[in-house]
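Accompanying notes for the structure given below.
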Amino acid sequence: MLGLPDGITTCLFDLDGVLTGTAALHKQAWKQTFDEFLRARDGADFHPFTDRDYADHVDGRPRFDGVRQFLAAREIVLPEGEPGDPPDRETVHGVGNRKNELVLAIIDEQGVNPYPGSVRYLEAVRDAGLKIGVVTSSANGAKVLDGADLTKFVQARIDGIEIVQRKLRGKPAPDSFLAGARALDTEPAAAAVFEDAISGVQAGKAGEFGYVVGVNREDQADQLRAAGANVVVDDLAELLEG
(Lines give C-alpha, C1' and ligand atoms only; values in the text may rest on other atoms or scores of the structure.)
Protein backbone atom coordinates (compact mmCIF):
# COMPACT_ATOMS: atom_id res chain seq x y z
CA MET A 1 0.00 0.00 0.00
CA LEU A 2 2.90 2.36 0.72
CA GLY A 3 5.20 1.19 -2.06
CA LEU A 4 7.76 -0.09 0.45
CA PRO A 5 9.26 -3.55 1.00
CA ASP A 6 8.00 -5.85 3.73
CA GLY A 7 9.79 -5.31 7.02
CA ILE A 8 9.91 -1.50 6.86
CA THR A 9 8.54 -0.12 10.12
CA THR A 10 9.86 3.46 10.05
CA CYS A 11 9.95 6.27 7.49
CA LEU A 12 12.63 8.95 7.74
CA PHE A 13 11.82 11.99 5.63
CA ASP A 14 14.02 14.85 4.58
CA LEU A 15 12.01 18.07 4.89
CA ASP A 16 12.85 20.73 2.30
CA GLY A 17 12.04 19.40 -1.15
CA VAL A 18 10.48 16.15 0.10
CA LEU A 19 7.64 17.25 2.37
CA THR A 20 7.59 20.98 1.65
CA GLY A 21 8.45 23.27 -1.24
CA THR A 22 10.95 25.16 0.89
CA ALA A 23 13.94 23.75 -1.02
CA ALA A 24 13.23 26.41 -3.67
CA LEU A 25 13.32 29.07 -0.95
CA HIS A 26 16.66 27.77 0.30
CA LYS A 27 18.05 27.81 -3.23
CA GLN A 28 16.87 31.40 -3.66
CA ALA A 29 18.57 32.43 -0.41
CA TRP A 30 21.81 30.63 -1.30
CA LYS A 31 21.94 32.27 -4.72
CA GLN A 32 21.38 35.76 -3.33
CA THR A 33 23.97 35.19 -0.61
CA PHE A 34 26.70 33.85 -2.87
CA ASP A 35 26.02 36.20 -5.79
CA GLU A 36 26.30 39.24 -3.51
CA PHE A 37 29.47 37.84 -1.96
CA LEU A 38 31.08 36.95 -5.29
CA ARG A 39 30.09 40.20 -7.00
CA ALA A 40 31.68 42.25 -4.22
CA ARG A 41 34.77 40.06 -4.22
CA ASP A 42 35.36 39.53 -7.95
CA GLY A 43 33.98 42.65 -9.64
CA ALA A 44 34.23 42.32 -13.42
CA ASP A 45 35.29 38.67 -13.05
CA PHE A 46 32.04 37.78 -11.28
CA HIS A 47 30.61 34.35 -12.13
CA PRO A 48 27.19 33.71 -10.56
CA PHE A 49 26.13 30.86 -8.33
CA THR A 50 24.31 28.34 -10.54
CA ASP A 51 21.78 25.53 -10.18
CA ARG A 52 24.65 23.10 -10.71
CA ASP A 53 26.59 24.73 -7.88
CA TYR A 54 23.55 24.27 -5.64
CA ALA A 55 23.14 20.60 -6.54
CA ASP A 56 26.85 19.73 -6.32
CA HIS A 57 27.95 21.67 -3.26
CA VAL A 58 25.03 22.83 -1.12
CA ASP A 59 21.82 20.83 -1.51
CA GLY A 60 21.08 18.64 1.52
CA ARG A 61 24.22 19.58 3.44
CA PRO A 62 24.36 21.41 6.77
CA ARG A 63 24.60 25.15 6.15
CA PHE A 64 28.24 25.73 7.02
CA ASP A 65 29.33 22.58 5.18
CA GLY A 66 27.59 24.03 2.11
CA VAL A 67 29.53 27.27 2.47
CA ARG A 68 32.82 25.39 2.79
CA GLN A 69 32.07 23.09 -0.17
CA PHE A 70 31.10 25.88 -2.55
CA LEU A 71 33.97 28.19 -1.58
CA ALA A 72 36.44 25.33 -2.00
CA ALA A 73 35.02 24.68 -5.49
CA ARG A 74 35.73 28.32 -6.35
CA GLU A 75 39.17 28.11 -4.69
CA ILE A 76 38.20 30.74 -2.12
CA VAL A 77 39.54 30.49 1.42
CA LEU A 78 37.82 32.29 4.28
CA PRO A 79 38.49 32.05 8.00
CA GLU A 80 35.99 29.90 9.90
CA GLY A 81 34.97 32.67 12.27
CA GLU A 82 32.54 32.03 15.12
CA PRO A 83 28.93 30.76 15.15
CA GLY A 84 27.71 34.19 16.24
CA ASP A 85 29.43 36.13 13.45
CA PRO A 86 27.24 38.89 11.99
CA PRO A 87 25.95 38.20 8.45
CA ASP A 88 28.20 40.85 6.87
CA ARG A 89 31.44 39.30 8.18
CA GLU A 90 33.56 37.54 5.56
CA THR A 91 33.93 34.24 7.39
CA VAL A 92 32.39 30.83 6.79
CA HIS A 93 30.00 31.44 9.67
CA GLY A 94 29.24 34.99 8.56
CA VAL A 95 28.29 33.86 5.04
CA GLY A 96 26.21 31.00 6.44
CA ASN A 97 24.43 33.31 8.87
CA ARG A 98 23.66 35.69 6.02
CA LYS A 99 21.99 32.85 4.12
CA ASN A 100 19.94 31.86 7.16
CA GLU A 101 18.82 35.43 7.73
CA LEU A 102 17.66 35.60 4.11
CA VAL A 103 15.81 32.29 4.09
CA LEU A 104 13.94 33.16 7.28
CA ALA A 105 12.85 36.45 5.71
CA ILE A 106 11.74 34.63 2.54
CA ILE A 107 9.79 32.04 4.56
CA ASP A 108 8.07 34.78 6.55
CA GLU A 109 7.16 36.58 3.31
CA GLN A 110 6.11 33.62 1.17
CA GLY A 111 4.97 31.09 3.76
CA VAL A 112 5.45 27.31 3.79
CA ASN A 113 3.45 25.00 1.56
CA PRO A 114 3.60 21.22 1.91
CA TYR A 115 3.34 19.14 -1.23
CA PRO A 116 -0.23 17.73 -1.36
CA GLY A 117 1.11 14.34 -2.43
CA SER A 118 3.45 14.30 0.54
CA VAL A 119 0.60 15.07 2.93
CA ARG A 120 -1.38 12.19 1.44
CA TYR A 121 1.60 9.90 1.89
CA LEU A 122 2.17 10.99 5.49
CA GLU A 123 -1.47 10.29 6.25
CA ALA A 124 -1.17 6.82 4.72
CA VAL A 125 2.05 6.08 6.63
CA ARG A 126 0.46 7.19 9.90
CA ASP A 127 -2.69 5.19 9.24
CA ALA A 128 -0.61 2.10 8.48
CA GLY A 129 1.01 2.39 11.91
CA LEU A 130 4.58 3.09 10.77
CA LYS A 131 6.81 5.45 12.73
CA ILE A 132 7.61 8.84 11.19
CA GLY A 133 10.77 10.88 11.62
CA VAL A 134 12.10 14.00 9.91
CA VAL A 135 15.82 14.34 9.28
CA THR A 136 16.87 17.71 7.90
CA SER A 137 20.11 19.66 7.71
CA SER A 138 18.15 22.87 8.20
CA ALA A 139 18.27 24.60 11.57
CA ASN A 140 14.73 25.80 10.87
CA GLY A 141 13.08 22.37 10.88
CA ALA A 142 10.62 23.12 13.70
CA LYS A 143 9.56 26.43 12.13
CA VAL A 144 8.95 24.83 8.72
CA LEU A 145 7.07 21.84 10.13
CA ASP A 146 4.84 24.11 12.20
CA GLY A 147 4.28 26.49 9.29
CA ALA A 148 3.24 23.59 7.05
CA ASP A 149 1.03 22.01 9.76
CA LEU A 150 3.08 18.79 9.59
CA THR A 151 4.33 18.58 13.18
CA LYS A 152 1.33 16.39 14.07
CA PHE A 153 2.75 13.56 11.95
CA VAL A 154 6.30 13.60 13.34
CA GLN A 155 7.45 11.42 16.25
CA ALA A 156 11.14 12.37 16.06
CA ARG A 157 13.05 15.26 14.48
CA ILE A 158 16.79 15.48 13.81
CA ASP A 159 17.59 18.94 12.44
CA GLY A 160 20.54 21.23 11.91
CA ILE A 161 20.55 22.35 15.53
CA GLU A 162 20.72 18.76 16.75
CA ILE A 163 23.42 17.93 14.20
CA VAL A 164 25.66 20.71 15.50
CA GLN A 165 24.97 20.06 19.18
CA ARG A 166 25.70 16.34 18.83
CA LYS A 167 28.65 16.90 16.49
CA LEU A 168 27.15 14.63 13.83
CA ARG A 169 28.65 14.57 10.38
CA GLY A 170 26.35 16.10 7.80
CA LYS A 171 25.00 14.41 4.69
CA PRO A 172 26.33 12.61 2.65
CA ALA A 173 27.50 10.91 5.85
CA PRO A 174 24.67 8.81 7.32
CA ASP A 175 24.96 10.12 10.90
CA SER A 176 21.78 12.22 10.97
CA PHE A 177 19.61 9.46 9.50
CA LEU A 178 21.14 6.92 11.90
CA ALA A 179 20.30 9.30 14.76
CA GLY A 180 16.73 9.49 13.47
CA ALA A 181 16.47 5.70 13.41
CA ARG A 182 17.84 5.45 16.95
CA ALA A 183 15.37 8.06 18.17
CA LEU A 184 12.58 5.79 16.93
CA ASP A 185 14.22 2.61 18.25
CA THR A 186 14.60 1.22 14.73
CA GLU A 187 17.42 -0.66 13.06
CA PRO A 188 18.51 0.92 9.75
CA ALA A 189 17.44 -2.17 7.81
CA ALA A 190 13.85 -1.59 8.98
CA ALA A 191 13.77 2.09 7.98
CA ALA A 192 13.13 3.81 4.65
CA VAL A 193 14.83 7.10 3.77
CA PHE A 194 13.07 9.70 1.57
CA GLU A 195 15.39 12.28 -0.03
CA ASP A 196 15.49 14.77 -2.90
CA ALA A 197 19.19 15.66 -2.59
CA ILE A 198 22.02 13.61 -4.04
CA SER A 199 23.92 13.95 -0.75
CA GLY A 200 20.88 12.71 1.17
CA VAL A 201 20.42 9.65 -1.04
CA GLN A 202 24.12 8.92 -0.59
CA ALA A 203 23.61 9.15 3.18
CA GLY A 204 20.75 6.65 3.01
CA LYS A 205 22.88 4.27 0.98
CA ALA A 206 25.90 4.67 3.27
CA GLY A 207 23.77 3.95 6.34
CA GLU A 208 22.56 0.66 4.82
CA PHE A 209 18.92 1.58 5.27
CA GLY A 210 16.29 -0.89 4.15
CA TYR A 211 14.99 1.28 1.31
CA VAL A 212 15.95 4.65 -0.18
CA VAL A 213 13.36 6.68 -2.07
CA GLY A 214 14.69 9.42 -4.34
CA VAL A 215 12.28 12.32 -4.87
CA ASN A 216 12.97 13.95 -8.22
CA ARG A 217 12.25 17.66 -7.78
CA GLU A 218 15.24 18.91 -9.81
CA ASP A 219 15.17 16.74 -12.96
CA GLN A 220 17.98 14.53 -11.69
CA ALA A 221 16.37 11.08 -11.63
CA ASP A 222 19.43 9.37 -13.12
CA GLN A 223 21.75 10.97 -10.57
CA LEU A 224 19.48 9.92 -7.70
CA ARG A 225 19.54 6.33 -8.93
CA ALA A 226 23.31 6.44 -9.36
CA ALA A 227 23.65 7.77 -5.80
CA GLY A 228 21.83 4.72 -4.45
CA ALA A 229 18.07 5.29 -4.61
CA ASN A 230 16.10 2.05 -4.83
CA VAL A 231 13.22 3.89 -6.51
CA VAL A 232 12.78 7.41 -7.87
CA VAL A 233 9.43 9.23 -7.97
CA ASP A 234 8.40 12.74 -8.91
CA ASP A 235 5.86 12.85 -6.06
CA LEU A 236 5.39 10.69 -2.98
CA ALA A 237 1.76 10.02 -3.93
CA GLU A 238 3.09 7.86 -6.78
CA LEU A 239 4.11 5.28 -4.16
CA LEU A 240 0.46 4.89 -3.15
CA GLU A 241 -0.49 4.04 -6.73
CA GLY A 242 2.09 1.33 -7.38
Inset, instruction - Could you check Leu122 against Val125 for side chain to side chain contact (heavy atoms under 4.5 Å, CB included), going step by step and ending with a plain yes or no? - result: CA-CA 5 Å; Leu122 285 169; Val125 171; 5.6 Å; no
Legend entry - Verdict with supporting geometry, Tyr121 and Leu2, side chain to side chain contact (heavy atoms under 4.5 Å, CB included): CA-CA 8 Å; Tyr121 195 77; Leu2 297 172; 3.6 Å; yes
Legend entry - Stepwise side chain to side chain contact (heavy atoms under 4.5 Å, CB included) check, Phe177 with Glu195: CA-CA 11 Å; Phe177 279 118; Glu195 262 287 356; 3.6 Å; yes
Inset, instruction - Please report the C-alpha distance between Ile76 and Phe37 in whole Å, then the side-chain angles of each, then the deciding distance to 0.1 Å, and finally whether the side chain to side chain contact (heavy atoms under 4.5 Å, CB included) criterion is met. - result: CA-CA 11 Å; Ile76 297 171; Phe37 170 80; 4.1 Å; yes
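Panel note: side chain Lys171, backbone Arg61; no donor-acceptor pair is recorded below 3.5 Å. Looking only at distances, no side-chain donor or acceptor of Asp175 sits under 3.5 Å from a matching main-chain atom of Leu168. Of the possible donor and acceptor atoms, none in the side chain of Gln155 sits under 3.5 Å from a partner among the backbone N and O of Gly133. A donor-acceptor pair is defined here as one N or O able to donate and one able to accept, closer than 3.5 Å; such a pair exists between the side chain of Asn216 and the backbone of Gln220. Side chain of Gln32 to backbone of Ala29: no donor-acceptor contact under 3.5 angstrom is found.
Between Arg74 and Phe34 the shortest side-chain heavy-atom distance does not fall below 4.5 Å.
Pairs of residues two or more places apart, or lying in two chains, never qualify as side-chain hydrogen bond (donor to acceptor under 3.5 Å, both in side chains) while including a residue from residues 130-139. Residue pairs satisfying the side-chain hydrogen bond (donor to acceptor under 3.5 Å, both in side chains) criterion with at least one member in residues 104-114, sequence neighbours excluded, are listed as follows: Asp108-Lys143. Applying the side-chain hydrogen bond (donor to acceptor under 3.5 Å, both in side chains) test to pairs two or more places apart or on separate chains, those with a residue in residues 37-51 are Thr50-Asp53. Residue pairs meeting the side-chain hydrogen bond (donor to acceptor under 3.5 Å, both in side chains) criterion with at least one partner in residues 176-189, sequence neighbours excluded, are Thr10-Thr186.
In this structure, Cys11 and Leu4 approach most closely via the heavy-atom pair SG-CD1, 3.8 Å. The minimum heavy-atom distance between Pro188 and Leu178, with the atom names listed, is CG-CD2, 3.7 Å. Minimum heavy-atom separation, Gly170 to Pro62: CA-CG, 3.5 Å.
A chain of hydrophobic side-chain contacts below 4.5 Å, direct or via other Ile, Leu, Val, Met, Phe, Trp or Tyr residues, connects Leu236 to Val119. At a threshold of 4.5 Å between side-chain heavy atoms, the hydrophobic network of Ile, Leu, Val, Met, Phe, Trp and Tyr places Leu224 and Val233 in two separate groups. Residue Val58 is not grouped with residue Ile163 when hydrophobic side chains (ILVMFWY) are merged at heavy-atom distances under 4.5 angstrom, including chains of intermediate members. No continuous path of ILVMFWY side-chain contacts below 4.5 Å connects Leu15 to Tyr54, so the two sit in separate hydrophobic clusters. Ile132 and Leu145 fall within a single hydrophobic cluster, where Ile, Leu, Val, Met, Phe, Trp and Tyr are joined by side-chain heavy atoms under 4.5 Å apart, directly or via other members.
By the neighbour-count criterion of 12 heavy atoms within 6.0 Å, atom CG of Asp127 is densely surrounded, having more than that number from other residues, nucleotides or ligands.
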I'd like a table of donor-acceptor pairs (distance under 3.5 Å, sequence neighbours excluded) in which one partner is a side-chain atom from residues 147-154, with atom names and distances.
from	atom 1	to	atom 2	distance (Å)
Asp149	OD2	Lys152	NZ	3.2
Thr151	OG1	Asp146	N	3.4
Thr151	OG1	Asp146	OD1	2.5

Please list every donor-acceptor pair under 3.5 Å in which a side-chain atom of residues 94-101 meets a protein atom from a residue at least two apart or in another chain.
from	atom 1	to	atom 2	distance (Å)
Asn97	OD1	Arg63	NH1	3.4
Asn97	ND2	Pro83	O	2.9
Asn97	ND2	Asp85	O	2.8
Asn97	ND2	His93	O	3.2
Arg98	NH1	Glu101	OE1	2.9
Lys99	NZ	His26	ND1	2.6
Asn100	OD1	Arg63	NH2	3.4
Asn100	OD1	Asn140	ND2	2.9

Between side-chain atoms of residues 64-72 and protein atoms elsewhere (two or more places apart, or another chain), which donor-acceptor pairs fall under 3.5 Å?
from	atom 1	to	atom 2	distance (Å)
Asp65	OD1	Arg68	NH1	2.8
Arg68	NE	Glu80	OE1	3.4
Arg68	NE	Glu80	OE2	2.9
Arg68	NH1	Phe64	O	3.4
Arg68	NH2	Glu80	OE1	2.9

Donor-acceptor pairs under 3.5 Å, side chain of residues 197-212 to any protein atom, not counting sequence neighbours: which ones?
from	atom 1	to	atom 2	distance (Å)
Ser199	OG	Asp59	O	2.9

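For the atom pair Phe194 CZ and Leu19 CG, the distance stands at 9.5 Å (nearest 0.5 Å). Atoms CZ and CG, from Phe49 and Asp35 in turn, are 8.0 Å apart once rounded to the nearest 0.5 Å. The distance from the CE atom of Met1 to the CG atom of Leu239 is 12.0 Å, given to the nearest 0.5 Å. The distance from the CG atom of Leu102 to the CD1 atom of Ile107 is 11.0 Å, given to the nearest 0.5 Å.
With sequence neighbours left out, Asp234 forms a salt bridge (charged side-chain N to carboxylate O under 4.0 Å, His left out) with no residue at all. Ser118 meets the side-chain hydrogen bond (donor to acceptor under 3.5 Å, both in side chains) test with no other residue; sequence neighbours excluded. For the side chain to side chain contact (heavy atoms under 4.5 Å, CB included) test, residues two or more places apart in sequence or in another chain that qualify with Pro79 are Thr91. By the salt bridge (charged side-chain N to carboxylate O under 4.0 Å, His left out) test, Arg225 is found to be paired with Asp222, residues two or more places apart in sequence or in another chain being considered.
Salt bridge Glu218/Lys27: present, at least one basic N to carboxylate O contact under 4.0 Å.
Both tests pass for Arg217 against the ring of Tyr115: distance under 6.0 Å to the centre and angle within 45° of the axis.
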